[in-house]
Amino acid sequence: MTDGTSPYPPLAYPALHASHSGIWICGSDGVSRAIGKGEAIGCVAETPHILLNAPLMGQRLGYPDLSGLDLLELFAFIHPAQFVVPTPAGLAKTLGLEPPAQEADIASLYREAASHLLAGLEAPHWGEREGAWSSAQALYRLRWPWAGEVSKRLTKPADGERWLFSKLEEWEEETPRPAPRAVTMDEDATLTQLGTLTGKGSEEREGQKSYAAAVAKIFNPRRVKGAPNMLLAEAGTGIGKTLGYLAPASLWSAEAGGAVWISTFTKALQRQLDRETRRIYPDEEVFRKKVVVRKGRENYLCLLNLEDALQGGFAGRAAILAHLVARWAAYSKDGDMVGGDLPGWLTTLFRRNGSTALTDRRGECVYAGCPHYRKCFIEKAARASQQADIVIANHALVMVNAARGREQQNAPTRLIFDEGHHLFDAADSMFAARLSGQEAIEIRRWVIGPESKNRGRRRGLAARLADLASYDDEGGRAIESARHAGEALPSDGWLQRLSESEPFGPVEALLGEVRHMVFARDESQSADAGYGLETELTDVEGPMIDAVANAAEAIDALLKPLVRLGQRIEHLIEEGPDWMDAPARARMEGALSSLGWRCDTLSGWLALLSRIGGPADPEFVDWLMIDRFEGREYDIGICRHWLDPTIPVTEVVTKPAHGLMITSATLKGGGDWETARARSGAIHLDQAVQEFEVPSPFNYAEQAKVIIVTDVKRGDMAGLAGAYAQLIEASGGGTLGLFTAIRRLRTVYARIADRMAQSGLPIYAQHVDPIDTGTLVDIFRDDPKASLLGTDALRDGVDVPGRSLRLVVMESVPWPRPDILHKARRLAGGGSAYDDRIIRARLAQAFGRIIRRADDHGHFVILSSAFPSRLLTTFPEGTPIERMPLTQALTEIKAAKSKTVQSSLSPDISFGHDAGQTDIPGNKSGGI
Ligand code: SF4
């Protein structure tokens, strides 16, 4: 690699690489040397250096402002919408270069990779040439560090280049789909379809077949309105769950002419489904019509926001990001910025500078009033799903559409909730109400528009509905009243004013009382630690009651004109004046929908306030909170959650459905069916639901072992960090470290990162490294020597089959946090039995990370001697469990490591489905 045989001429720029084990620089003469921190910082401040992932390297150097010629930015420009693991080895692999043998070679690799990438610009077969020249010109003006090198290798196209917005495909309006036919599912046909999907010669799995047959029944005609054919199914890891339900779903869809919605919790499963559904429709064109991935609108690029950013709405680094995003948008499959084909690392390179302003986060879409409406990615996905056979969505989107009555004509009637153990939590956040400063300021901005010159295109109601106001006087007056009433909501600087006891307006005054009361009543010891605070909403006194009354009056004064405005829009749509063509009508409908959402929020706030000082509503849990992190306050407000959030889910999602399945590898949460029924909402249905269970085919007795380490003392951070370091070393990396508190994760990471780097075992950490979680998992998956530390999101969102994950270490028993909401649910749910159900579910999910396919082996270590024996039944039957001191655990893990290395030399046996079977060569699956 560095022997001078590279066909590409080296660049004049030096390169820099920094890690926990050292810093290296490679000069323009191609010679690499190790240097110290001070010298490195001096060098990069003087001359731009080629580097990889500037924020991460800046953190390793202790120089957070580090900038330079970042190879990842160059990669994003040259290969938009393509995936690369953002590590030296990952980049080398993608570019076909020899991976670095040692860290000292990496700086030199950076120079070679830069030459290689730049040479690609001159290659005649470069597939992403269109738009590059114009983009490079714009980036040159913005002083993008690579712009000079890129521009000199690009020639101006003779015929000019099409502007992004003119080359994107338009969506077509299609006739609404007729209602599906009533079809009774045939078991033989289902199994034949399953055989087709799993492929000729694949191993027949009885568990998968019986699962598919059970799922097929949910598609039979419903007998009673409000009583769907409902199935709860726990299917152990490795039975081939995805193809098990895709077989009957695709068969029903083909015969009945209807759509099946498959809802997931993690993006990893969405991506897996996107790949697996290709088996049903191998023809690419058919596939694109039949399968659509749907996400919440805040995930997609808003073309109008992008246009605004490209035309001067963004400055500096944010503007550079906008141009790289525009390069990607021209080649993206669906415009999904979060977990789609935009590399997860791209926005973190810009420290999230401006990326959220490129999506439609605040519902400011102007629908048909937007010049890009017919090319809009969000509209395209919504329309495509009306004609699709399989819609891959997520729990939040399914619930939000159902709760807000969106897309009624396209409402799902056949639903499969995979990762169903998350349904409860998804419903908990979806149906919660929160009257807080942050929420209120968002509504104010939506009504009035931005207060200062914020980034991006943001306009108030008056500007968005100007045509309505000019046509309809009453509508115009409602907009004006709403604008006036909106001024009573918190505005910029509200947190500062509250900390100085100088609130402005009735809602800020209420939040000031909330803040005062929370500080006065807090007994959690968190006040000094600088973390979130909360207190029950009870025994409220005079000043608070007055503040509540004033705030309620102000909110009501805003709600009334908004409701009136909604009525005027409805009237207008019914009346259909001459000027209202189809796009204008669509825009009014869009405005009505976002208005409805705001009115629901304001009504929820009023309901919440009306209960203060009166009797508590037993269906809800209400409390006051201050969101803080490391002493800094972020939000203050009043929260309301359903005691049981599956009640609204049952009403708006389950009962209207005809067929519905909730499935997961851990649906019973390591417990019993009672848990599954309670957490899925099945207990709220009048009729009984079907239950089905098939255990994992894996041989846990041979493949896994649970070790409870007995001699790491609770609260001994040095001991905990030492245990992690030794365990990672014993296993040679491949370790997923799970924590229940970010603080402890950070402390352990800080203590062991250097030691691990010196042992040649890279370690990454959520909440520490400036890398998004999905990319962290990609890095971890790609390097069997890497280890990853993280919290909840990694506990069950990680699918890493093979040697890259062979050890899971939990710092302690994952007790639930005893916050107000938990205490209320615990009281209602049977006290300690409720806690046990939560812990069992968490343990089952964490344990489920280790064995993903038939040839996986691994250990599950809990560093807590206080592990209660009653919870040992959580683990799959036959799994060996042993309590032992750390030294013995280390010996076992070391021995297992040498055994695994031996056996990994034998051919790879893919058991299929949840892991290996699904991977399409060359198509790297992303993280969570
Ligand atoms: S239609 Fe709405 S979301 Fe789509 S590009 Fe236009 S403003 Fe953005």
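All ligand and atom numbering here is 1-based and tracks the order in the structure.
The line from NE2 of H571 to CZ of R564 is 14.5 Å long, rounded to the nearest 0.5 Å.
When each atom of ligand 1 is checked for a heavy atom of C376 under 4.0 Å away, the hits are 1 (S), 3 (S), 4 (Fe), 5 (S). Taking a cut-off of under 4.0 Å to the non-hydrogen atoms of C302, the atoms of ligand 1 that pass are 3 (S), 5 (S), 7 (S), 8 (Fe). Numbered from 1 in the order shown, with element, the atoms of ligand 1 that lie under 4.0 Å from a heavy atom of R297 read 3 (S).
Residue contact annotation: K375 has no non-hydrogen atom under 4.0 Å from ligand 1.
A donor-acceptor pair shorter than 3.5 Å can be found between the side chains of D341 and W328. There is no side-chain donor-acceptor pair under 3.5 Å between H323 and S135. Looking only at atom types and distance, the side chain of D418 has no donor-acceptor partner in the side chain of T264 under 3.5 Å away.
Contact annotation: the side chain of K267 approaches that of N299 to within less than 4.5 Å [non-hydrogen atoms, C-beta and beyond]. Contact check for D635 versus L495: no side-chain heavy atoms found under the 4.5 Å cut-off.
At a heavy-atom cutoff of 4.0 Å, ligand 1 is contacted by no atom of E379, backbone or side chain.
Among the atoms of C365, no N, O or S atom falls under 2.8 Å of atom 8 (Fe) of ligand 1.
Summarising the contacts of atom 3 (S) of ligand 1 with I378, L304, L306, L358, the nearest heavy atom is found in I378.
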